[in-house]
Colleague: 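My questions all concern the structure below.
All chains are named by letter (A, B, ...) in the order of the sequence lines, taking the proteins before the strands, and each is independently numbered beginning at 1. Treat the numbers as computed from the prediction; the structure is a model and nothing was measured.
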2 protein chains.
Amino acid sequence: MESNEMGKRIPNALMMTRGHESGNRFPADSYDCNNRMLLKMPETVALNEELSVTASTLSEVAKLAGVSPATASRVLNGSARTPAPEIAERVRQAADTLGYIANAQAQALAKSSTGLIGLIVHDIADPYFSAIAQGVQAAARQERRMVLLATTNGTPAEEKEAVAAFAARRAESIVIAGSRSTRSEDARANTELAAELDRYCRNGGRVGVVGQAILGVGETDSYRTIAVPNERLAQDLARELARTHKGPFAIVAGPEGLTTSDERVMGFQRGLSDAGQPAADVVHVAFNRNGGFDAGIELAWRIKASGQSAPEQRLCIFATNDVMAIGVAAALRDQGLRVPHDASLAGFDDIEWLRDFRPALSTVSLPLEEIGRLATIATLSDDDGGPAAVAGSVTLRRSTSSP
Amino acid sequence: MESNEMGKRIPNALMMTRGHESGNRFPADSYDCNNRMLLKMPETVALNEELSVTASTLSEVAKLAGVSPATASRVLNGSARTPAPEIAERVRQAADTLGYIANAQAQALAKSSTGLIGLIVHDIADPYFSAIAQGVQAAARQERRMVLLATTNGTPAEEKEAVAAFAARRAESIVIAGSRSTRSEDARANTELAAELDRYCRNGGRVGVVGQAILGVGETDSYRTIAVPNERLAQDLARELARTHKGPFAIVAGPEGLTTSDERVMGFQRGLSDAGQPAADVVHVAFNRNGGFDAGIELAWRIKASGQSAPEQRLCIFATNDVMAIGVAAALRDQGLRVPHDASLAGFDDIEWLRDFRPALSTVSLPLEEIGRLATIATLSDDDGGPAAVAGSVTLRRSTSSP
DNA sequence: TGTCTCATGGAAAGCGCTTACCAGATGGGA
DNA sequence: TCCCATCTGGTAAGCGCTTTCCATGAGACA
């Protein structure tokens with residue numbers, strides 16, 4: 001036994017509970033409007049040295065109410081059988097008095113169902129992920145679940161660890177957001193991740209993946225992916241841009257092997273090709289703001305070298321996500337170049353917090369919060385309404401308008 | 001028993017485990033470098049109809065290893081007593097073979113310690129909170145804890161519910177971020193929140209609050225607040241601005257009664273007064289981007305009405321957080337006004353994602369991630385190094401430079 | 001060789017709940 | 001009036017672990 005943990009039993013901790021008459025701070029029984037047990041603050045007094053007292057248990061409540069634990073359980077924690085109203089009332093009173101809060105761990109153990117949802121993201125501070133997290137949280141709340149959070153910096157190894165941790169906690173489902181990687185150095189970790197997920201699923205867990213499927217995990221019905229049509233949308237974007245932009249294109253991409261980035265690059269190139277344009281140069285950098293900045297510096301050089309001549313020479317830069325695009329913009333500005341005057345710039349994601357940037361960023365809008373919500377619901381519901389997919393749309397703004 | 005939950009026992013689900021020789025996908029025992037149990041994928045086959053099999057238990061591992069559950073527990077899940085190396089090895093092998101993952105719920109129940117940290121924020125999609133969440137997550141990982149996330153929209157009523165839910169899950173500590181409210185309509189919910197926290201603490205939980213103390217909760221050593229010197233920093237900011245800005249000031253604040261906003265307003269006014277300037281007008285709006293936008297429209301009107309005359313008439317606007325400042329900037333731009341040409345603008349928080357905005361926003365830098373980390377550590381460590389506080393600093397950028 | 005002390009593995013008692021099953025009561029129909 | 005179906009509360013057996021306590025065996029020392 002450790003010393004000062006939550007729920008620690010303190011032997012012989014006598015616990016006296018004064019009744020409501022003794023200066024209860026609460027204004028009577030007025031707000032037990034929801035059907036949750038009314039959790040009033042018990043004014044407890046420990047009679048021995050120990051100040052800390054123990055959370056009261058179901059049996060204590062039962063004893064105080066003069067019923068069996070079974071009955072107490074039935075009235076307090078929802079069951080098919082409902083004890084007589086008079087008894088139920090007594091139990092509820094007792095629970096009130098003792099300030100009873102059911103021990104979710106014990107319930108989980110007994111019912112084998114924890115009400116936990118695991119969420120895995122690369123970086124919770126990244127607005128892309130925090131928007132998704134928002135959706136997951138909303139769905140979880142709606143389904144009366146709690147969310148466990150894990151951040152992994154995008155490495156499959158840490159993702160695997162997170163899955164194992166969630167499995168240990170017997171999370172009912174896991175939502176994984178963030179690009180996959182097909183890089184060879186991640187191959188082994190990916191395999192392990194897939195194995196871990198597979199085991200998790202076989203033990204009854206459900207998994208929802210945002211974006212692309214995780215390699216090596218079979219598509220069972222306990223494993224869903226919310227497909228984001230990165231490729232098609234990037235293609236649309238390219239076609240749309242090619243309609244007005246006549247100069248060359250460049251792509252600022254994440255590291256090769258980062259699936260999301262790769263998909264967007266491929267789609268964009270195809271869109272250009274559809275429009276009869278030559279393929280764009282691709283610069284590979286880190287898939288974040290600073291990566292974008294680095295690429296921006298590089299591109300600024302090229303632009304300046306090209307003499308910023310005719311409008312047909314103007315470069316159109318597609319950054320494979322908004323945050324990178326912001327980095328690119330910062331770098332261009334840093335180099336004395338202006339968007340869209342000296343170059344057009346487009347991003348991807350349509351991050352809400354970036355909408356007030358100027359020049360307003362052309363991008364592909366993705367319903368991120370909705371994606372989080374869908375992924376969560378998908379792992380919770382039984383109807384496998386086929387592979388869920390989300391819609392996105394090209395959003396043209398000033399950053400790609402003609403100068 | 002419900003039907004398809006994680007950990008559901010399937011009666012008589014015979015489970016056969018093939019050994020490593022049978023086509024194990026893993027490249028031998030090469031990466032059990034950390035002292036965690038090596039979790040290899042068991043190639044299990046259910047012999048009856050049921051496809052889903054149950055996670056294996058400690059007893060199964062013990063049986064397979066030919067030892068008692070006690071011994072298995074001692075070798076697998078860290079204990080003071082370490083069984084003989086030869087036995088330990090056998091147990092570890094068995095665990096490997098079965099793909100054993102300890103049931104954290106059961107452990108929690110037995111040890112009364114869950115390894116859970118609860119995090120309560122207003123809105124996880126808000127970069128202010130997601131930055132703090134990042135810090136909490138980092139600290140939690142370092143301390144080998146998992147974080148449970150709850151978002152509350154800033155209402156004390158939902159915060160109270162979150163605390164109750166965390167208490168039910170026996171989270172070892174709770175970190176609460178986000179401004180308090182002293183509005184009268186929140187008074188009752190605040191009291192209830194305080195009572196809930198109080199009970200939680202008395203049951204051995206620790207609480208860390210970012211910003212200001214929660215009213216009505218006694219400052220015990222199980223309850224810490226990470227003080228953010230909003231008032232002093234706002235005062236510094238005002239003094240700093242007053243040094244160069246000679247025109248009038250205006251404050252864009254959150255709703256009256258929102259403590260963080262109130263503190264920043266007070267500090268700013270005091271700073272102005274220190275500098276011999278008259279107090280600023282205060283506009284109260286929602287404490288978010290759109291609130292800032294609304295205020296910005298209003299202020300744009302005033303600016304235009306004043307005829308944008310002499311530099312001594314130029315307005316300096318202090319928005320009580322960065323996100324509001326961005327809203328103000330958007331509104332001014334919308335109304336054809338330019339920052340800093342037609343008005344100066346400053347924010348508070350120095351949100352990382354907003355640093356690429358132009359004009360660059362003068363603000364007060366706060367180490368948000370560090371704050372999250374500190375709050376978390378504070379609730380976990382025993383040394384009560386006194387009331388922890390964080391430093392911040394005034395950061396002047398273009399948005400308040402002379403036109 | 002005998003006694004005492006350690007070291008070590010196992011038995012068993014929980015941790016706080018849920019729920020299958022049981023026994024007693026109740027009521028309705030024959 | 002009797003029997004059976006039904007309802008209701010209680011009993012007890014888990015859920016999967018940890019940990020105390022005990023029994024056994026091995027050394028240590030005289």
Colleague: Of Ala106(B) and Arg81(A), whose nearest nucleotide on DNA chain D comes first from the 5' end?
Modeller: Arg81(A)
Colleague: Measure the distance from CG on Asn103(B) to C1' on dC15(D) and round it to the nearest whole Å.
Modeller: 8 Å
Colleague: Considering the options Leu148(B), Leu149(B), Leu116(B), which one meets the side chain to side chain contact (heavy atoms under 4.5 Å, CB included) requirement together with Met146(A)?
Modeller: Leu148(B)
Colleague: So, are Glu172(B) and Arg145(B) salt-bridged, with charged N and O less than 4.0 Å apart?
Modeller: yes
Colleague: Taking Ile117(B)'s backbone N and O only, do any of them form a donor-acceptor pair with Ser173(B)'s side chain (distance below 3.5 Å, no angle check)?
Modeller: no
Colleague: To the nearest Å, how far apart are Glu60(A) CD and dC17(C) C1'?
Modeller: 13 Å
Colleague: Taking 4.0 angstrom as the limit, do Glu60(B) and Lys63(B) come out as a salt bridge?
Modeller: no
Colleague: Select base, sugar-phosphate, or nothing to describe what Ala108(B) touches, counting heavy atoms under 4.0 Å on all strands.
Modeller: nothing
Colleague: Rounded to whole Å, how long is the line connecting atom CG of Leu109(B) with atom P of dC17(D)?
Modeller: 12 Å
Colleague: Would you say that Thr379(A) contacts Arg224(A) through its side chain, given a criterion of any heavy-atom pair below 4.5 Å between the two side chains?
Modeller: no
Colleague: Got a salt bridge between Arg141(B) and Glu161(A), using NZ or NE/NH1/NH2 to carboxylate O under 4.0 Å?
Modeller: no
Colleague: Taking only the side-chain heavy atoms of Lys111(B) (C-beta and beyond), determine which of dG16(D), dT18(C), dT19(D) contains the nearest atom.
Modeller: dT19(D)
Colleague: Assess the side chains of Thr155(A) and Thr152(A): does a donor N or O sit below 3.5 Å from an acceptor N or O?
Modeller: no
Colleague: Please encode protein proximity along nucleotides 23-28 of chain D as a string of B, S and -, counting only heavy-atom distances under 4.0 Å.
Modeller: ------
Colleague: In whole angstrom, what separates Arg169(A)'s CZ from dC17(D)'s P?
Modeller: 13 Å
Colleague: Rounded to the nearest angstrom, tell me the gap between atom CD in Gln107(B) and atom C1' in dC17(D).
Modeller: 7 Å
Colleague: Got a sec? Which of residues 67-75 of chain A come in under 4.0 Å of DNA chain D, heavy atoms?
Modeller: Val67(A), Ser68(A), Ala70(A), Thr71(A), Arg74(A)
Colleague: Apply side-chain contact (heavy atoms from CB on, under 4.5 Å) to residues Arg92(B) and Glu89(B) and explain how you reach the verdict.
Modeller: CA-CA 5 Å; Arg92(B) 252 183 289 270; Glu89(B) 190 44 41; 4.0 Å; yes
Colleague: Checking Tyr200(A) side chain against Val207(A) main chain: does a donor-acceptor pair fall under 3.5 Å?
Modeller: no
Colleague: dT18(D) phosphate, OP1 or OP2: any side-chain N/O from Asn77(B) under 4.0 angstrom?
Modeller: yes
